[in-house]
There are 2 protein chains.
Amino acid sequence: MPRTAQITRLKPGKRTDIRRENESLIRRAAEKVFAEAGFGGATMQLIADLAGLPKANLHYYFPTKEALYRRVVQDIFEIWLNAAACFDNAKGPVDGIGAYIDAKMEISRRHPDGSKVWASEVMHGAPVIQDYLETTLRDWTDGRIAVIQTWIDSGKMAPVNPRHLLYMLWATTQHYADFGHQIETLNDGGPLTDQQWREAKESVKAVILRGIGAG
Amino acid sequence: MPRTAQITRLKPGKRTDIRRENESLIRRAAEKVFAEAGFGGATMQLIADLAGLPKANLHYYFPTKEALYRRVVQDIFEIWLNAAACFDNAKGPVDGIGAYIDAKMEISRRHPDGSKVWASEVMHGAPVIQDYLETTLRDWTDGRIAVIQTWIDSGKMAPVNPRHLLYMLWATTQHYADFGHQIETLNDGGPLTDQQWREAKESVKAVILRGIGAG
DNA sequence: CTGTTGTCTGACCATACGGTCAGGAAATGA
DNA sequence: TCATTTCCTGACCGTATGGTCAGACAACAG
């Protein structure tokens with residue numbers, strides 16, 4: 001039934017619409033509540049209120065609190081991995097790492113809640129996404145380490161331990177999301193302006209790139 | 001009664017001993033449980049079990065869960081601030097920032113749970129220690145920024161935004177505690193060895209110090 | 001129109017949690 | 001020894017939470 005399929009895609013029908021709309025609503029609300037209160041502190045009632053739906057409706061789309069949480073964490077992980085693409089098609093460390101820092105800083109700015117949920121999950125021993133750490137993340141990390149090593153071998157940057165360099169990149173960029181509240185407090189209580197975000201990016205890039213002898 | 005006071009200090013008496021011993025027991029257990037489960041996920045029963053005491057006994061020493069939590073966070077904050085002393089009596093950025101990195105890395109290694117509790121607290125909007133952020137931390141930060149600025153003005157380091165440099169120092173060092181589980185997973189599941197910790201410290205110091213033009 | 005499937009929800013339940021309390025045990029001081 | 005203070009704890013309570021369910025309602029297919 002190609003015709004039906006096409007119609008379904010172009011005119012999805014009310015049911016499909018409702019499902020996608022509500023799932024999205026719930027996931028966005030859950031991301032915020034999980035980020036603000038942690039898994040244990042978050043309640044389905046809070047998420048339901050924020051989503052503007054009855055609590056029972058949440059359990060219609062997501063069987064358990066854990067299932068909803070897992071979905072939220074997976075979404076974040078995907079965004080986070082996708083943003084690392086710019087790392088690959090780079091000629092050298094200045095392009096590659098510079099673009100990676102830009103991308104990750106942008107994620108910290110646009111998806112601070114997601115970053116917090118991820119941080120929380122890892123801090124608590126990654127009970128839900130341990131398998132991701134052991135497979136996808138490990139593979140990705142090994143690949144990037146190899147790339148950095150070729151840059152070192154070809155003299156494009158100083159011989160810095162690639163693994164610890166990666167940790168520094170993650171730490172410095174995600175800090176602006178995970179510790180955003182602290183940063184705002186030290187910024188007279190307000191969020192960083194466009195100019196301040198630009199300065200943050202440039203500062204991080206300046207120190208790191210000069211630090212690896214590629215600035 | 002100076003005699004009584006002195007005797008109390010030298011021979012504290014069983015009651016004083018018991019109190020100090022149990023309070024310490026509870027605080028250490030609480031630090032671990034709060035770090036592993038977050039404030040919301042932690043239960044007084046879990047803390048009690050880990051401390052080897054009945055739950056009701058916890059409420060004898062700490063009236064509420066929040067009071068116990070507040071105490072744990074305060075302890076960490078103190079350790080964290082004290083370790084920053086080495087920053088002050090330094091001639092220049094290489095000594096000062098190098099020693100600061102060493103000290104903070106050592107804290108990440110020795111008090112990972114404390115660091116996690118602190119991170120969790122800040123990530124959730126610092127509901128308990130907001131006043132500390134606005135007073136002590138802000139003052140400390142302003143002071144260090146001034147010091148770094150003098151180093152820049154006297155040409156001892158490159159003109160890097162001091163505030164963002166501080167954030168980088170916090171982020172990179174605390175990452176080894178807060179994301180310790182992720183790091184261990186990427187390290188074949190085991191904790192870093194002495195050699196690996198040394199390498200981590202050296203990598204961070206090398207990149208940062210060279211990055212600020214002081215390496 | 002009619003049957004079927006998917007969507008929604010108020011009311012309900014079992015459990016687990018933070019916190020209380022009465023009263024017993026142990027240490028201390030006189 | 002006796003009185004007083006501190007320490008301890010099993011049993012208990014009110015509440016809030018995650019999750020369930022029967023049944024109402026809306027969309028779709030034939």
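Model, not experiment: these values are computed from the prediction.
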Q: Measuring from B/Ile212:CD1 to B/Leu169:CG, what's the distance to the nearest 0.5 Å?
A: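 Atom-to-atom, B/Ile212:CD1 and B/Leu169:CG are 8.0 Å apart.
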
Q: If each of B/Lys65 and A/Ile18 is mapped to the nucleotide of DNA chain C with the nearest heavy atom, which maps nearer the 5' terminus, i.e. the 5' end?
A: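 The residue closer to the strand's 5' end, by nearest nucleotide, is A/Ile18.
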
Q: Quick one: are B/Ser203 and A/Arg163 in side-chain contact, heavy atoms under 4.5 Å?
A: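 The answer is no, as the side chains (C-beta and beyond) never meet within the 4.5 Å cut-off.
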
Q: I would like to know whether A/Tyr61 and A/Arg27 meet side-chain contact (heavy atoms from CB on, under 4.5 Å); could you show each step before the answer?
A: CA-CA 10 Å; A/Tyr61 288 103; A/Arg27 269 155 52 189; over 6 Å; no

Q: With a cut-off of less than 4.0 Å, is there a side-chain N or O of B/Tyr61 near OP1 or OP2 of D/dC8?
A: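 Indeed, a polar side-chain atom of B/Tyr61 lies that close.
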
Q: Identify which nucleotide among D/dG18, C/dC8, D/dC7 has an atom closest to any side-chain atom of A/His59, counting heavy atoms from C-beta outward.
A: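 Side chain of A/His59 sits closest to D/dG18.
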
Q: Do you see a donor-acceptor pair shorter than 3.5 Å between the side chains of B/Gln130 and A/His181?
A: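 Result is yes, a qualifying pair exists.
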
Q: Atom CD of A/Glu66 and atom C1' of D/dT17: how far apart are they, to the nearest Å?
A: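 The distance from CD of A/Glu66 to C1' of D/dT17 comes to 15 Å, rounded to the nearest Å.
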
Q: With a 4.0 Å cutoff (strictly under), does any side-chain N or O of B/Arg19 reach OP1 or OP2 of D/dC7?
A: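 For B/Arg19, the contact criterion (side-chain N or O under 4.0 Å from OP1 or OP2 of D/dC7) is met.
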
Q: For DNA chain C, determine which residues of residues 25-52 of chain B have any heavy atom closer than 4.0 angstrom to one of its atoms, and list them numerically.
A: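 Per residue number, the list reads B/Ala42, B/Thr43, B/Met44.
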
Q: With no angle test and no hydrogens, is the base of C/dG18 tied to the side chain of B/Lys55 by a donor-acceptor pair under 3.5 Å?
A: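 Indeed there is one.
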
Q: Take atom CG of B/Leu53 and atom P of D/dG10, then tell me their distance rounded to the nearest Å.
A: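 Whole-Å distance recorded here is 11 Å.
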
Q: When you compare the side chains of A/Gln74 and A/Glu78, does any donor N or O come within less than 3.5 Å of an acceptor on the partner?
A: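 No, no side-chain donor-acceptor contact under 3.5 Å.
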
Q: Tell me: CD of B/Glu23 to C1' of D/dT6, nearest whole Å?
A: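 It is 13 Å, rounded to the nearest whole Å.
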
Q: Can you see if the side chain of A/Tyr60 gets near the phosphate of C/dC8 - specifically, an N or O under 4.0 Å from OP1 or OP2?
A: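 So the side-chain polar atoms of A/Tyr60 never come under 4.0 Å of the phosphate oxygens OP1 or OP2 of C/dC8.
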
Q: With a 4.0 Å cutoff (strictly under), does any side-chain N or O of A/Asn22 reach OP1 or OP2 of C/dC8?
A: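 Checking C/dC8 against A/Asn22, a side-chain N or O does come within under 4.0 Å of OP1 or OP2.
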
Q: Rounded to the nearest Å, what distance is computed from the OH atom of residue B/Tyr69 to the P atom of nucleotide C/dG18?
A: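 One finds 14 Å between P of C/dG18 and OH of B/Tyr69, rounded.
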
Q: Does the ring center of A/Trp170 lie less than 6.0 Å from the ring center of B/Phe179?
A: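 No.
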
Q: Taking CG from A/Asp17 and P from C/dT7, how many angstroms apart are they, rounded to a whole number?
A: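 It is 11 Å, rounded to the nearest whole Å.
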
Q: With a 4.5 Å heavy-atom cut-off, do B/Thr64 and B/His59 have their side chains touching?
A: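 Result no, sub-4.5 Å side-chain heavy-atom pair not found.
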
Q: If you check the B/Asn57 side chain, which of C/dC8, C/dC21, D/dC8 turns out closest?
A: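 Side chain of B/Asn57 sits closest to D/dC8.
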
